[in-house]
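Just so it is clear, the model here is predicted, and its values are computed rather than measured. Each residue takes its place number in the sequence, starting with 1.
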Amino acid sequence: LPLTLPAGLALAERTILVLGSPRSGTTWLAKLLDSHPDVLYRHEPDEVLPPDPSVDPHVQLRAWVHERRLRVSATPPFFPKSWRPPPLAVLRIGMAQGLKALSHLTRGRRIGATVALPDLIPIERRPRLRPVLKLVDWDADDALRAIPGCRGLFILRHPCGQVASAMRGAEQRRFEPRPDGSFGPVGEHSAAALAASRGIDAAAFRALPAAARFAWVWRSFNEPALARIVSLPNIRLVLYEQLCAEPEAVTRELFRFVGLDWQSQTERFIARSTQDDSDPGYYAVFRSTHAAVERWRRTMTPADQDAVRMVVRDSPLAHHWPGLCR
């Protein structure tokens, strides 16, 4: 059943974008939005359908909302939806779990990357949809400027917290290898270029400790992205640490900003996703948020913490965490 919504422009105007660099809490923020019964969620559609710079932003957003490959359209946890009757919800979850099990058994990614999962949306319920797109590889500047009704949430995490998480993922080889054989959530080319503009040549950059190189990656992603969009009226900056400290209050405010009403379903998900004291998986959205915020202070060596501070202390974003500026 193809997703065919009336008025393509209206669809783009109803879309909510979740933005941020890898390991900054984008998935949890996106799932907070997905917990709303009216939301249709797409997880990183730009990874399977790369953005086309020549395409109008309205068309690009519509293409991503229509993207239904398994990797994009079936990211747990799953939530009841106002526009999908319960019998169809049970059917779709069963289909998703069956296809994922088959993909796991065949030890390949072909199924997740090629098989489309139907949304099973009755025609009369489609106007209720609010698409949410979590994006990892796209500059949303053009879309936010061209589509005033579109709303964006950009999440920013303390650089030590993000660097510690990225370093842990690199050590565990959680990411695809880059052409140079190294591992990381994003490449270092733009980070090296930013460092060069600050007087650190290529050889000196390569000689930096890993924590410092990852800190330059943090700067090279977040600084230009936020400089372009943070002053726009339809974007909101979300601090990861504040979201962890006051999850319900911050989420209520974000819902008001994007035009979603408050739902008990979201309240229950907040309770479940912030108070799980078990050992979380690397990509888990269920964890103790207090422990998650403080983890880098326990696991990161003082030398690595100092290396990050040396890189970011003159960043225009450092004022969000006064301790970085000392």
Side-chain angles (χ1 to χ4, degrees), residues 18 20-32 134 136 154-178 180-188 191-192 194-195 205-223 238-247 250 270-315 317-326:
V18 177
S21 56
R23 310 310 302 160
S24 60
T26 50
T27 299
W28 180 40
L29 175 58
K31 279 296 172 179
L32 288 169
K134 181 207 162 184
V136 295
F154 191 107
I155 189 165
L156 185 65
R157 186 178 184 179
H158 190 293
C160 283
Q162 188 168 330
V163 167
S165 180
M167 289 176 65
R168 187 168 73 256
E171 290 169 0
Q172 298 173 2
R173 303 217 162 188
R174 296 279 185 174
F175 315 114
E176 292 292 328
R178 298 197 294 272
D180 63 2
S182 60
F183 286 77
V186 291
E188 292 182 350
L194 179 61
F205 182 84
R206 289 194 297 270
L208 290 172
R213 295 197 306 274
F214 274 112
W216 280 111
V217 170
W218 182 91
R219 288 192 65 169
S220 67
F221 186 102
N222 290 305
E223 286 180 13
V238 183
L239 293 181
Y240 174 76
E241 291 75 23
Q242 185 178 1
L243 180 60
C244 288
E246 303 176 282
V250 173
I270 288 174
R272 291 173 55 214
S273 65
T274 60
Q275 301 174 28
D276 191 332
D277 292 322
S278 62
D279 185 22
Y282 188 67
Y283 295 107
V285 296
F286 296 97
R287 61 184 67 226
S288 166
T289 49
H290 175 75
V293 166
E294 298 297 323
R295 179 172 182 171
W296 65 267
R297 300 183 190 277
R298 303 189 306 273
T299 62
M300 211 175 186
T301 67
D304 281 344
Q305 294 180 35
D306 288 341
V308 172
R309 291 190 183 98
M310 288 294 292
V311 171
V312 304
R313 63 184 179 181
D314 65 338
S315 168
L317 303 178
H319 72 276
H320 292 295
W321 306 276
L324 290 175
C325 303
R326 67 173 189 268

State, to 0.1 Å, how close T289 and S273 come at their nearest heavy-atom pair, and which atoms those are. CG2-O, 4.2 Å
Output, in order, the C-alpha distance, side-chain angles, deciding distance and verdict of side-chain contact (heavy atoms from CB on, under 4.5 Å) for N222 and L156. CA-CA 8 Å; N222 290 305; L156 185 65; 3.5 Å; yes
L29/K134 under side-chain contact (heavy atoms from CB on, under 4.5 Å): CA gap, chis, key distance, verdict: CA-CA 9 Å; L29 175 58; K134 181 207 162 184; over 6 Å; no
Supply the atom-to-atom distance I270 CD1 to K31 NZ, rounded to the nearest 0.5 angstrom. 14.5 Å
Rounded to the nearest 0.5 Å, what separation is found between the CG atom of L239 and the CD1 atom of I155? 8.5 Å
Is the closest side-chain heavy-atom distance between L324 and H319 below 4.5 Å? no
Donor-acceptor contact present, side-chain S220 to main-chain V217, <3.5 Å: yes
Which heavy atom of F221 sits nearest to which heavy atom of V136, and what is that distance? CE1-O, 4.2 Å
Given W216 and L194, is the side-chain contact (heavy atoms from CB on, under 4.5 Å) satisfied, shown in steps? CA-CA 7 Å; W216 280 111; L194 179 61; 3.9 Å; yes
Residue pair A210 / M167: nearest heavy atoms and the distance that separates them: CB-CE, 4.3 Å
side-chain contact (heavy atoms from CB on, under 4.5 Å) partners of A307, counting only residues at least two apart: P209, A211, A212
Using atom types as modelled and distance alone, determine if a side-chain donor or acceptor of R213 lies under 3.5 Å from a backbone N or O of L208. yes
Test S288 against Q275 for side-chain hydrogen bond (donor to acceptor under 3.5 Å, both in side chains), laying out the working first. CA-CA 5 Å; S288 166; Q275 301 174 28; over 6 Å; no
Report the residues that fulfil salt bridge (Lys or Arg N to Asp or Glu O under 4.0 Å) with E294, sequence neighbours left out, ordered by chain and then residue number. R297
When you check the gap from the basic side-chain N to the acidic O, do D314 and R219 get nearer than 4.0 Å? yes
Closest non-hydrogen atom pair between S315 and W218, with its separation: OG-CZ3, 4.0 Å
What I'd like to find out is whether the side chain of M300 reaches to under 4.5 Å of the side chain of V308, using heavy atoms alone. yes
For the student: nearest non-hydrogen atoms of W296 and C160, plus distance: CE3-CB, 3.4 Å
Donor-acceptor side-chain pairing of R157 and S24 below 3.5 angstrom: no
When rounded to the nearest 0.5 Å, the distance separating CD of Q162 from OG of S21 is 3.5 Å
Here the gap from T274 atom OG1 to W28 atom CH2, rounded to the nearest 0.5 Å, amounts to 6.5 Å
Considering all heavy atoms, the nearest T27-V285 contact: CG2-CG1, 3.7 Å
Do W321 and E241 pair up side chain to side chain, a donor and an acceptor below 3.5 Å, judged on atom types alone? yes
Pair R295, R168 - check side-chain contact (heavy atoms from CB on, under 4.5 Å), show working. CA-CA 12 Å; R295 179 172 182 171; R168 187 168 73 256; 3.6 Å; yes
